[in-house]
Amino acid sequence: ARIADFQKRIESKSNRVDFENERLRNDKLHEINARLQSTLDDNELFMRILSHDLKNPLGSMYSVANMLHESDVPESIQKEIQWIYKESKRLHGFIEQLTRICRLENSWTPTDTSFNLNDAIAHTLNDIHSVAAQKEVSFTFEYSPLQPISVSNDLPGIREIIRNILLTS
């Protein structure tokens, strides 16, 4: 009987210790979740500020670059104008992407855009041709136009990923 009482007391203390450890773990998880939520809120605010505050000046730069690109400029600066136009177009695309991400995060609306991955790769290769030529790099992309690869996702995002992979390789 004494042994049984002793075992019950040990189990009771063990259960209290387990309960206390569980309560401490739960408290720690609540603290971590609160910090995570605060970080997510800060990130959302940063993304909104970034996308909205940069949209107007970069949109203006893109418009001016587009006007210069389409106008008759001296041959001596055409290359620079072309570069400014392409880079401002890229920056404008980044801001559009950030704005789209902010809208998605706020409304939880899934993207459902379908496009041909072959066309996205070919378009990206065409965009970076001059940069690759300056680095004395050439790309060959062969695919069967009869068998397109259809992808459902964000076309500008996929193009940027392809561009980054190619330019860093």
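Sequential numbering from 1 along the given sequence is applied to the chain's residues.
Residues Ile128 and Ile121 share a hydrophobic cluster, clusters being chains of Ile/Leu/Val/Met/Phe/Trp/Tyr side chains in contact below 4.5 Å. Note: the hydrophobic cluster containing Ile162 also contains Leu125 (ILVMFWY, side chain heavy atoms under 4.5 Å, direct or indirect links). There is a path of hydrophobic side-chain contacts, each under 4.5 Å, that joins Ile95 to Met61.
Atoms NE2 and CD, on His69 and Gln78 in that order, are 10.0 Å from each other to the nearest 0.5 Å. With values rounded to the nearest 0.5 angstrom, Arg25 atom CZ is found 12.5 Å from Ile32 atom CD1. To the nearest 0.5 Å, atom CG of residue Leu91 and atom CD of residue Glu87 are 7.0 Å apart. With rounding to the nearest 0.5 angstrom, the CG atom of Asp127 is 9.5 Å from the CZ atom of Arg90. Distance CG/Asn33 to OG/Ser38: 12.5 Å, rounded to 0.5 Å. Between atom NZ of residue Lys86 and atom CH2 of residue Trp83 there is a gap of 12.0 Å, rounded to the nearest 0.5 Å.
Clustering of Ile, Leu, Val, Met, Phe, Trp and Tyr by side-chain heavy atoms under 4.5 Å joins Val64 with Met67, Leu68, Val73, Ile77, Ile81.
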Determine, stepwise, if the pair Asp41 / Gln37 fulfils side-chain hydrogen bond (donor to acceptor under 3.5 Å, both in side chains).
-> CA-CA 6 Å; Asp41 292 344; Gln37 186 59 52; 2.9 Å; yes
Mind running side-chain contact (heavy atoms from CB on, under 4.5 Å) on Asp27 and Glu31 for me, showing each step along the way?
-> CA-CA 6 Å; Asp27 290 347; Glu31 179 186 328; over 6 Å; no
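The stretch residues 67-78 participates, sequence neighbours left out, in no salt bridge (Lys or Arg N to Asp or Glu O under 4.0 Å) pair at all.
In terms of modelled atom types and a separation under 3.5 Å, the side chain of Thr124 and the main chain of Ala120 share a donor-acceptor contact.
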